[in-house]
Each structure stands twice: as structure tokens, then as C-alpha cells.
Amino acid sequence: MVSVTPWEQQEVTPREGTFSEVLHLRTVRVALYIVLALPLSGVIYGVMFAGVLAGVTTLPVLVGAGLLLGCLWLVGGFAEVQRWLARLLGLRFARPAWPPVYQGVMPWLRATLSEGATYRALLFHAIQFPLVVLCWAVLVVLLEVMVVGLGSPLWFWYPEWFRLSWGDRTWHLSAISIAGLFVMGVGATLVTAGVLNLMGRMWVRLAAGLLAREAGVEAARREVIALRRAAGSVALGDDLQATLADLTEQARAASTARTVALLTPEGTLRATAGPDDLSGPLEPLPAPGEASVHVTPDDRVLAALPVSLPASAGLQGGTLRAGYAPGVRPGQDELAFLLSIADHAGTALHAAQLIERAGVRAGEQERARLARELHDSVAQALYGISLGAKTARATLERDPERTRASLEYTINLAEGGVSEMKALLFSLRPDALEEGGLIAALTQHARALEARHGLKVQAELNEEPPLTPDAQAAAYRVMQEALHNVVKHARATQVHLAVRQDGLQVVLTVQDDGRGFDPQAPRAGSLGQRSMRERAAGAGGTLHVQSAEGQGTTLTLTLPASQVARAAPQEVRA
């Protein structure tokens with residue numbers, strides 16, 4: 001992969017003045033490149049020509065084979081020198097993804113001869129010398145005209161130093177002729193700057209096309225790997241900031257950008273990879289699905305790509321910005337790759353927003369449930385305690401027996417209220433299940449049901465079942481919802497709760513002696529069953545409900561046993 005400086009594709013921006021192109025650093029760099037390329041290409045041309053000629057002539061005596069191998073090695077070595085010199089043109093050649101490992105002469109020879117980069121570098125060495133000689137010739141002529149024109153005022157001030165003689169004739173330049181020569185010199189200066197820029201574009205195309213280490217297929221492979229890693233980061237990452245930072249790093253590693261950053265619509269930095277600061281407002285913002293490329297006054301290139309979010313998100317995703325070194329600009333394929341990374345960033349932002357919304361919704365639902373529980377239990381108990389205490393106070397002196405009964409009633413309500421509060425607090429603690437395990441959580445919940453609703457709960461809860469933490473949480477929530485339905489709908493007096501292991505499965509059952517229902521008939525409470533089935537499916541299990549009118553209800557939850565949990569006791573015994 002190579003960073004190219006396609007000057008002819010840059011936006012035409014107004015310059016500060018007529019001579020700005022003459023004084024531009026880019027013009028100086030091209031001139032320096034041509035000056036250094038002549039001796040370098042001459043040395044390369046001479047060494048390669050002499051080495052090949054000597055190798056061919058001495059091939060019958062086996063010395064030539066070594067010389068030819070040496071010339072083949074020099075093709076790659078001289079290509080490295082040319083790549084280093086091409087930095088003057090604004091080119092940056094990426095390092096190979098996997099540096100070659102030397103495994104012997106024949107494997108190296110086969111690999112070198114099979115690479116297209118070898119023949120492209122050889123072609124560049126072959127055509128560079130005559131082309132740079134031609135460039136020198138053109139520039140020397142222009143420089144002579146420029147020097148003569150710009151130095152013409154000296155003819156006016158020192159006429160005795162500059163004389164044009166032919167035989168016995170001598171010519172002296174008039175003021176008009178000198179002025180014309182000066183104007184010609186100024187024009188030659190502007191023409192020289194323009195020619196240098198044309199030469200720069202020519203050498204950029206040649207160097208980028210013939211000296212690139214990687215072909216287009218390899219560059220595409222690098223981008224595909226980056227997109228695959230980015231997709232995995234978005235799908236599996238649970239930290240939004242870390243995901244966005246990884247996306248910017250993948251984009252920078254697989255592109256020619258110097259810095260890649262993700263920013264909000266206001267220009268605030270979300271994540272960045274690279275040394276440059278790309279934050280700040282940007283006007284206008286890029287259109288959806290399109291890239292906007294700007295050339296800054298210091299000849300740097302800034303590409304901005306939209307981070308798209310669905311319309312339902314209700315907000316804008318911002319931009320992905322890629323900053324390049326002076327004079328370097330990405331191609332269309334690279335912009336398409338960066339746009340894909342921006343889409344991945346939009347997916348990550350939308351997923352984080354959905355998770356946040358789900359958390360807020362879950363919190364609202366939990367608060368609503370808590371409000372119902374407090375109203376139906378604790379609030380009623382407190383109201384009863386208040387009535388009992390008032391009754392006891394009113395009958396304290398005239399009816400001690402009634403006062404004693406009121407106090408007993410009040411004490412029973414207070415104990416029930418305490419049990420209700422303990423049950424509610426337990427259901428609100430997210431770490432209670434982790435601390436005590438599934439059996440302890442179900443045992444405490446069963447006791448709370450007995451204290452709160454007067455149900456008789458028969459629990460067959462033996463040893464802790466081998467379930468993963470996620471499966472434990474799903475099992476507890478399903479059992480909790482099932483017992484809640486028993487209290488709310490079944491009008492049962494007894495509930496049987498059991499947990500057992502059956503081979504590679506863990507089976508949990510809730511059976512009541514309530515009024516039952518027809519499972520096939522549509523019911524207003526079907527949302528609770530749907531929620532339980534979704535929890536069971538999310539943990540890899542199944543939920544079966546068996547019921548009939550007047551015959552109670554049996555709910556069976558089957559979950560896969562955890563292989564890790566089952567293997568742990570064997571490891572301990574070993």
C-alpha cells in the first residue's frame with residue numbers, strides 16, 4: 001500500500017498570489033528530487049547494466065550466475081533507496097505486513113521471480129535515467145532563460161560588462177529591450193514552477209505505480225482483515241469507548257492516513273489513533289454515504305466521512321476524520337474502506353444507545369413493580385398496624401381483652417411487614433444470587449411467600465445445580481415470575497418447588513393446586529409467559545406449562561447443565 005500525492009486531483013483553491021506556486025515547498029521538493037535523481041539513477045543504471053552484461057558473458061564459467069543473482073538482489077535494494085527518495089514527492093510506502101524470512105537461495109529466487117514488484121521496480125530503474133536526463137535538459141534551458149531575463153537589469157546599470165559583439169560590430173541593449181528581457185525572465189520563472197509541478201505529477205504516478213510493495217489485492221486483503229476485526233469488536237465489545245478506540249486503530253493500520261479520529265457532530269473527540277488533533281467544528285458536514293475531502297492551507301488533506309445512525313435513534317453520529325501527511329490524499333478504494341469503518345462506528349453507537357434505553361426501561365419496570373409490591377403489602381400492613389394501635393389505645397382502660405387482641409393483631413401485621421420488606425430487599429439486591437447461589441435464593445423466596453401470603457411451600461431443593469451464572473439468573477427470574485403468578489392468579493393453598501439434575505440437564509418445576517387455566521386460550525397475562533420463555537431460550541433451555549381448569553398448573557423449566565461446573569468436582573478428586 002502506498003500513499004500517493006495526486007496533485008492533479010486536488011481541489012482548485014485560490015492561492016495567495018501569482019508567485020505562490022514558485023515559493024511553494026512542493027515545488028522545491030520536486031526540484032530537489034530531480035537534482036538527486038540524476039546521479040542516483042545514473043549509478044543504478046550503470047551498475048545494473050554492467051552487472052547484467054558481466055553476468056551474461058561469464059555465465060558459461062558459472063561466475064555469471066552469482067553476478068546475475070547479485071543484480072536481482074540489487075533490484076530490490078535499489079528500489080528501497082528509490083522509495084526513500086520518493087518521500088520528497090510526498091509518497092509514503094507501507095511496510096510489508098509480514099517481513100520475508102530468508103530460507104535459502106532457491107526459495108528466495110522463486111519468491112523474488114514470482115513477485116510482480118520485482119519487475120515493476122526493474123522497469124522503474126530502466127526508464128528513470130533517460131526521463132530524468134530529459135527533465136534536466138528542459139530545466140536547464142528554462143533556468144538559462146530565467147537567469148538571462150532576471151539578470152537583464154545589470155546590462156542597463158553596467159553596460160560595459162555586458163556587450164554583444166559579432167566581428168567588428170557591437171550592440172548595446174536599449175531600455176525597452178532590457179525591460180522585455182526582464183519580463184521574459186519573470187515568465188520563465190512562472191513557467192519553470194509550472195513545469196516542475198507537471199514533472200512532480202509524472203514522477204508521483206511512476207513511483208506509486210512501479211515502486212509499490214503491495215499490489216491492489218494485498219491492500220484489499222489488509223482492509224478486509226481490518227473490517228473483520230472491526231465487526232468482531234462491534235459485535236463482542238461491551239465497552240463503547242474501547243470499541244470506538246479499536247475501530248480508529250484498525251482504520252489507521254489498514255489505510256494510509258496519519259491519524260484517524262471519531263468525533264461528535266459538534267467536533268468533540270470520541271476516540272483517536274495517531275499524533276494529530278483532528279477535533280473542532282467542520283462545515284459543511286459530509287452528506288450521508290459520501291466522503292468529503294478538503295485540502296488545508298498547509299497542504300494537508302483531511303477526509304471526513306459520516307457516521308450514520310438510523311432515523312429512530314433520534315441523533316446524529318458525527319464524523320470519522322482521516323488526516324494525511326502534507327500532499328498525501330487517499331484514493332476512492334480507501335475512502336470506501338473508511339466509510340465502512342464509519343458505518344461500524346454507527347452500529348456500535350446505536351447498539352450502546354439501545355442498551356442504555358433497555359436499561360432505563362428495565363429500571364422503570366422494576367420501580368413500577370416495587371411500587372405495586374409496596375402498595376399491596378407493606379403499605380397495607382402499616383395501615384393495619386395503625387388501625388390496631390388506635391383500637392388498642394381506645395380500649396386500653398375499658399376492655400383489656402380487646403386491647404390484648406388488638407396488640408396481637410398489630411404484632412402479627414408488623415412481623416408480616418418485616419417479612420415483606422426482607423423479601424422486597426432481597427429481590428432488589430443483584431448480588432444476592434451470586435453470594436448465596438440459586439438454592440439459597442429460592443429458599444429465601446419460598447420463605448417470603450409463606451410469610452407474606454400464607455402459602456404452604458414444599459421445597460425439594462437439594463444441592464446446587466451445575467448452571468452457568470447467566471443460566472442461574474434466568475432460572476431464578478423464571479421461578480420468581482412463576483411463583484408470582486401462583487399468588488396473583490392461581491388462588492392456590494399449596495405450592496411444590498423442586499430443583500433436580502437429570503443427566504446433562506437441570507430441571508426446575510413449580511406445581512400448585514390452584515384453579516388452573518386453559519393454556520391454549522388467549523389470556524391477558526400471556527406477556528408474563530412470553531417473558532419467561534424468552535429468558536429460558538436466552539439461557540439455552542425450554543419452558544413447558546401444563547394446566548387445566550380446576551386441576552392446578554405445573555411449570556417445568558429445563559436448562560443445560562454447565563460442563564465447567566460438572567468437570568470441577570472431578571478435577572478436585574483427581
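Residues take their numbers from the sequence shown, with the count starting at 1. Keep in mind that this is a model prediction, so the values were computed, not measured.
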Looking at R321 and L278, would you say the former's side chain and the latter's main chain have a donor-acceptor pair under 3.5 Å? yes
Distance-minimising heavy-atom pair for V506 and P466: CG2-CD, 4.0 Å
Would you please say whether a donor-acceptor pair under 3.5 Å links the side chains of T403 and T395? yes
Does E463 have any side-chain contact (heavy atoms from CB on, under 4.5 Å) partners at least two apart in sequence or in another chain, and if so, which? none
Between R515 (side chain only) and H489 (backbone N and O only), is there a donor and an acceptor less than 3.5 Å apart? yes
Decide yes or no for T248 and T272: does some side-chain heavy atom of the first lie under 4.5 Å from some side-chain heavy atom of the second? no
For T493, give me all partners under side-chain contact (heavy atoms from CB on, under 4.5 Å), at least two apart in sequence or on another chain. D513
With a 4.5 Å cut-off on side-chain heavy atoms, are T556 and V507 touching? yes
I'd like to know if the side chain of S547 reaches the main chain of F517, judged simply by a donor and an acceptor atom lying under 3.5 Å from each other, with no hydrogens or angles considered. yes
Under 3.5 Å, is there a donor-acceptor pair between the side chain of E464 and the main chain of G437? no
Pair L335-V293, side-chain contact (heavy atoms from CB on, under 4.5 Å): steps then yes or no: CA-CA 10 Å; L335 291 176; V293 182; 4.1 Å; yes
What salt bridge (Lys or Arg N to Asp or Glu O under 4.0 Å) pairs are there with at least one residue in residues 253-262, not counting sequence neighbours? R258-D276
Check whether any side-chain heavy atom of Q494 sits under 4.5 Å from a side-chain heavy atom of Q458, and report yes or no. yes
Do we see a donor-acceptor contact under 3.5 Å between the side chains of H294 and S292? yes
Evaluate the side-chain proximity of I355 to L240: yes if any heavy-atom separation is below 4.5 Å, no if none is. no
Heavy-atom side-chain proximity of L504 to P560 below 4.5 angstrom: no
Give a yes or no on whether D399 atom CG has more than 12 heavy-atom contacts from other residues, nucleotides or ligands under 6.0 Å away. yes
Do the non-hydrogen side-chain atoms of R533 and V545 ever get within less than 4.5 Å of each other? yes
Would you check, one step at a time, whether the test side-chain contact (heavy atoms from CB on, under 4.5 Å) holds for M532 with N485? CA-CA 11 Å; M532 289 190 289; N485 289 339; 3.9 Å; yes
Report the C-alpha distance between L555 and M479 in whole Å, list the side-chain angles of each, state the deciding distance to 0.1 Å, and finish with yes or no for side-chain contact (heavy atoms from CB on, under 4.5 Å). CA-CA 9 Å; L555 180 144; M479 293 295 100; 3.7 Å; yes
Could you go through the side-chain contact (heavy atoms from CB on, under 4.5 Å) check for R120 and L211 one step at a time? CA-CA 7 Å; R120 295 196 303 270; L211 294 179; over 6 Å; no
Nearest atoms (heavy-atom pairs only) where A475 meets L467: CB-CD1, 4.5 Å
Could you tell me whether the side chain of L349 reaches within less than 4.5 Å of the side chain of R270, counting heavy atoms only? yes
Between Q472 and A474, is there a donor-acceptor pair closer than 3.5 Å when you use the side chain of the first and the backbone of the second? no
